[in-house]
Amino acid sequence: MDKQKYYITTAIAYTSRKPHIGNSYEIVFTDAVARLKRMQGRDVFFLTGTDEHGQKIEEAAKAEGTSPKAYVDRIAGEIKDICDLLNTSYDKFIRTTDDYHEKAVQKIFQKLYDQGDIYKAQYEGWYCLPDESFFTDSQLVDGKCPECGREVQKASEEAYFFKMSKYQKQLEDHIEKHPGFIFPESRKKEMVNNFLKPGLQDLCVSRSSFKWGVPVPFDENHVIYVWIDALSNYITALDYDVDNPGELYKKYWPAETHVIGKDILRFHTIYWPILLMALGEPLPESVFGHPWMLSGEDKMSKSRGNTIYADDLAKLIGVDGVRYYMLAEMPYANDGTITYERVFERYNSDLANTLGNLVNRSIAMTQKYFGGTLPAARKAEPIDGELAAAAIAARDGMIEKLDAFRAADAIDAMMGLAKRANKYIDETAPWQLGKDEAQKDRLASVLAGLLEAIRFLGVLLTPLLPETAERIFGQLNCPPEHQTLASIGAFSSAPAFTVGKPEPLFARLDTEKLIEELLAGSGPAGETETAAKPEGMAAATACAPPEKAEITYDDFMKTKLVCGEIRACEKVEKADKLLKLTVFDGERERTVLSGIAMWYTPEALTGKKIVLVANLKPAKMRGIMSEGMLLAADGPDGAAKVIFLPEDLPAGSSVH
């Protein structure tokens, strides 16, 4: 009998720039769900990939002096590398520049045009380049984009439109008959109340003002817009063809779940279902709109200078440390948050102290008292049943919560067992039992319960932290048949295997040292490695501030900006990005550390006049006290561009 299929997808990542950790959350979460489904015996097909067309990419490539194809090849490679680094088990990685996808999209567009669902007209309205979306006068909020709040441009061009309103009633009926189609429930209400009830307008599905896209098959002046191009990837990846759908499509479509960010919910719950209805194809069973991961209290973005990247964080806390934080800190419906302090705190408390310590000392005691192999003679006591009950509860809770897409709750259920097992150690005091030969049977029973609890944890960690699960099984010398969901159907107190050498799973972090190093390596907003600085700590170089509430004139005037003369400059030892500047402020020389060594040599800066923030609270980095900040802009290529002042301006001159 064939396994029951399970098709799950992420949104495809836009190749305008390297994805930050908030973008990477989605594929880690989806991977955890896919891995659990495989453990449950489902025939899983897990799709991810990249969206590679559009005006933003055309302009970014031009600014970089390269072709759009070369540009997206590089960014798509970075995105795929991060997916692989994070140990995600996708079955296919689609790119919308793949030849088979482009051909399928053209046939989809042609079919919709031939059946009268697409027509040509003149578009006049407002266009938001960052969101690549059109809006009417009534849709703007304070004259700006209702999605992102940025400036919009007046646009007028010939375009092809898709008849959305033709299918509105059909979509409304589908949502009503399938209450789980959009979840969480709050997301469904948002789509119905804000978009469906006011009435759908026809959708612009082509552009003629740029060329980087899939050409309209019957009109060389137009390219197919993102709504048809990108959204169709979910079926073109399965070899969909309007005339002859492939075997993968017949096997796996419709998808069980599209996992997407809440900001693109409208496209996946209104545009995409209607396109499928027009094609006469079944709709996906559900669309899950997950929340955002914020940097502190702000939306993460490169322009705000608060970006954290998954690969950079993995260098500090390992891949499973990154996966754990993402899954543990993102609520089901509300936005999560990430700061370096919180990451390190959670790593130490949960992974190093609770989980890692449990595994390490349990295996170490088994080696110490029994040479790694527990004797058959045991002496059970009632408290052992409490540990067994905790293991069963953790198993049921973790599976139930992850099946319901509540990853943070699944983590909590799993960690509940680790905490109970640590408490069990304190209650049974095996180190005391080990001193009394008459208590050997009881000691064997205690350690057997601990090893079984750890085996349960290994199985439950498999979809969440797969590398950690493998290391646990390795230290237990646990055979493959004891690593499955089926193997934890009951709690056994008689492990027959010999444990290996205890090795720490997670080394405790020196948080203060790490924060200091991060500050020392901090740079301008465009820097892609450690641009996000820990909350409440001064940076060594100016960066684009988070968009917070407006400040008053008096607030701004508290900042003292002066002309500073760089009299000496040198690199800081063991800090590749950091320069030590000796800056004369008109009254005295002061030391300023700046993370611009990637773009400036000491020789290029010595003698230059710069804008100095002269009343910034000093911050110690790499053992050096930095007494100010210089101003730099974020260049189009991500490089820091120091703001230089005229050479004849006296040091100490006020900057207004």
Side-chain angles (χ1 to χ4, degrees), residues 32-33 35-42 324 327-328 332 350-351 353-363 365-366 374 376 378-430 442-466 468-473 475-497 499 505:
V33 174
R35 286 176 179 272
L36 177 63
K37 296 301 178 184
R38 292 191 189 102
M39 294 178 73
Q40 292 170 329
R42 303 289 290 272
Y324 182 81
L327 296 171
Y332 175 66
D350 292 7
L351 297 181
N353 292 354
T354 301
L355 179 62
N357 193 37
L358 168 68
V359 174
N360 188 262
R361 59 179 177 163
S362 297
I363 292 177
M365 285 188 291
T366 305
L374 296 178
R378 308 285 168 82
K379 181 183 178 183
E381 291 186 1
I383 196 173
D384 301 347
E386 295 180 21
L387 181 62
I392 298 301
R395 178 201 66 195
D396 295 345
M398 180 272 178
I399 295 171
E400 175 190 349
K401 296 303 183 183
L402 193 52
D403 270 338
F405 286 62
R406 294 178 176 270
D409 294 334
I411 289 277
D412 286 345
M414 182 273 301
M415 288 302 295
L417 173 57
K419 292 174 182 176
R420 183 64 187 88
N422 277 313
K423 183 180 178 183
Y424 177 78
I425 292 177
D426 294 337
E427 293 168 334
T428 56
R442 177 59 190 147
L443 177 60
S445 186
V446 167
L447 293 177
L450 288 171
L451 295 181
E452 179 68 349
I454 292 169
R455 187 178 72 86
F456 263 64
L457 287 168
V459 174
L460 298 179
L461 281 166
T462 298
L464 305 169
L465 311 183
T468 300
E470 287 183 10
R471 293 177 65 194
I472 287 175
F473 293 139
Q475 292 188 47
L476 289 176
N477 279 327
C478 188
E481 61 269 22
H482 289 167
Q483 301 177 22
T484 65
L485 282 180
S487 75
I488 57 172
F491 189 88
S492 170
S493 61
F497 41 85
V499 301
L505 293 176

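Along the sequence shown, residues carry numbers from 1.
- Residue pairs meeting the salt bridge (Lys or Arg N to Asp or Glu O under 4.0 Å) criterion with at least one partner in residues 380-393, sequence neighbours excluded, are E381-R442, D384-R442, E386-R420.
- In this structure, D409 CG and L327 CG are separated by 12.0 Å, a value rounded to the nearest 0.5 Å.
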*Could you give me the CA-CA distance, side-chain angles and deciding distance for S487 and R455, then say whether side-chain hydrogen bond (donor to acceptor under 3.5 Å, both in side chains) is met?*
CA-CA 10 Å; S487 75; R455 187 178 72 86; 2.9 Å; yes
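- Atom CG of residue L351 and atom CG of residue L465 lie 6.5 Å apart, to the nearest 0.5 angstrom.
- When side chains are defined from C-beta on, R42 does not count as touching L36, because their heavy atoms never get closer than 4.5 Å.
- By the 4.5 Å heavy-atom criterion applied to side chains, V499 and Q475 are not counted as neighbours.
- When side chains are defined from C-beta on, L476 counts as touching I454, because their heavy atoms get closer than 4.5 Å.
- Considering only heavy atoms from C-beta on, V459 comes within 4.5 Å of M39 through its side chain.
- In summary, the aromatic rings of Y332 and F405 are positioned with their centroids too far apart to meet the 6.0 Å limit.
- Using a 4.5 Å heavy-atom threshold, the side chains of L457 and L358 count as touching.
- Here the shortest heavy-atom pairing between A453 and L417 reads O-CD2, 3.7 Å.
- Partners of E400 by side chain to side chain contact (heavy atoms under 4.5 Å, CB included), not counting sequence neighbours: none found.
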*Go through the steps for L485 and I399 under the test side chain to side chain contact (heavy atoms under 4.5 Å, CB included), then give the verdict.*
CA-CA 10 Å; L485 282 180; I399 295 171; 3.8 Å; yes
*Evaluate salt bridge (charged side-chain N to carboxylate O under 4.0 Å, His left out) for D403 paired with K37, printing each intermediate quantity in order.*
CA-CA 8 Å; D403 270 338; K37 296 301 178 184; 2.7 Å; yes
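- Distance check, rounded to the nearest 0.5 Å: CZ of R361 to CG of L447 gives 11.5 Å.
- With rounding to the nearest 0.5 Å, the separation of OG in S445 from CD1 in I383 is 11.0 Å.
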